[in-house]
Amino acid sequence: MADLLRSGHKMLNMACPICNNPIFQRRNGETYCPTCNREVLIIESKSHQINSKTKANIDKNIIKEKNAVREHNDAVIFLKQVIIEKIDLFSKKLKKETQIDMIERYVKLLLDFYDILNKFSNLDI
Ligand SMILES: [Zn+2]
């Protein structure tokens, strides 16, 4: 067995169906049992195929999710910038404003903007 491993054979985590000894893999990919000295064909089970397909789908979904998160983060960052610009704009308007009802409206707007910014700061972006 040690000789086989030394000569580049790989011991597989499978047993020969006849003698129940470990199966080895040659460098060319052939699998065989050194005890019986015969080739052993490994047939991929259907469940394994389903598993790899399911895994591929899971990977795809993870990528989709990551992209969705990135797009969402981009949208939030953009909205943050817009709100900061609006705060700046309405602060300047508020400074010049003398009519009480308009001042009230600007103050209300600014409070809303800061409220949104506070909500974003909880999102950890
Ligand atoms: Zn065997």
Side-chain angles (χ1 to χ4, degrees):
M1 231 178 241
D3 287 341
L4 285 168
L5 291 171
R6 231 172 279 135
S7 60
H9 291 70
K10 211 166 78 183
M11 193 169 86
L12 300 179
N13 190 22
M14 274 178 257
C16 169
I18 294 161
C19 68
N20 217 31
N21 279 305
I23 294 168
F24 282 78
Q25 189 171 41
R26 289 192 177 99
R27 264 185 254 184
N28 62 12
E30 275 176 13
T31 46
Y32 78 111
C33 172
T35 311
C36 307
N37 196 28
R38 64 188 283 278
E39 209 181 317
V40 179
L41 289 176
I42 297 167
I43 293 154
E44 258 187 69
S45 70
K46 205 158 186 148
S47 67
H48 178 253
Q49 284 170 17
I50 287 166
N51 281 343
S52 50
K53 211 184 268 175
T54 307
K55 199 192 167 296
N57 278 337
I58 289 167
D59 288 347
K60 233 184 260 168
N61 284 339
I62 288 171
I63 290 167
K64 258 190 222 163
E65 244 168 68
K66 276 184 185 166
N67 284 340
V69 167
R70 197 182 311 135
E71 276 167 29
H72 173 73
N73 288 353
D74 288 349
V76 170
I77 288 164
F78 177 71
L79 187 53
K80 260 176 156 177
Q81 286 170 346
V82 170
I83 287 171
I84 289 164
E85 281 169 25
K86 292 300 170 202
I87 288 172
D88 190 47
L89 176 74
F90 284 102
S91 297
K92 282 172 186 156
K93 281 181 184 278
L94 180 62
K95 189 178 181 329
K96 288 180 198 155
E97 192 54 62
T98 54
Q99 279 188 295
I100 188 81
D101 57 332
M102 287 308 286
I103 291 173
E104 230 176 340
R105 280 164 83 175
Y106 289 146
V107 168
K108 170 86 179 66
L109 265 176
L110 287 165
L111 281 176
D112 285 346
F113 288 147
Y114 277 109
D115 196 35
I116 295 168
L117 284 183
N118 274 335
K119 277 177 183 137
F120 285 156
S121 68
N122 296 336
L123 291 178
D124 193 32
I125 292 164

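Counting convention: from 1, in listed order, for ligands and their atoms alike.
- With respect to K119 and D115, a salt bridge is recorded, a charged nitrogen being found less than 4.0 Å from a carboxylate O.
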task: Would you please test K60 and N57 for side chain to side chain contact (heavy atoms under 4.5 Å, CB included) and show each step?
output: CA-CA 5 Å; K60 233 184 260 168; N57 278 337; 4.0 Å; yes

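- Nearest heavy-atom pair across L4 and Y32 is CD2-OH, 3.0 Å.
- Residues H9 and L5 approach most closely at O-CD2, 3.4 Å, considering heavy atoms.
- Between K92 and D88 there is a salt bridge, since a side-chain N of the basic residue sits under 4.0 Å from a carboxylate O of the acidic one.
- For a distance threshold of 2.8 Å, the protein N, O or S atoms nearer than that to the Zn ion (ligand 1), listed by chain and number, are C16 SG, C19 SG, C33 SG, C36 SG.
- For the pair V40 and M14, the minimum side-chain heavy-atom distance is 4.5 Å or more.
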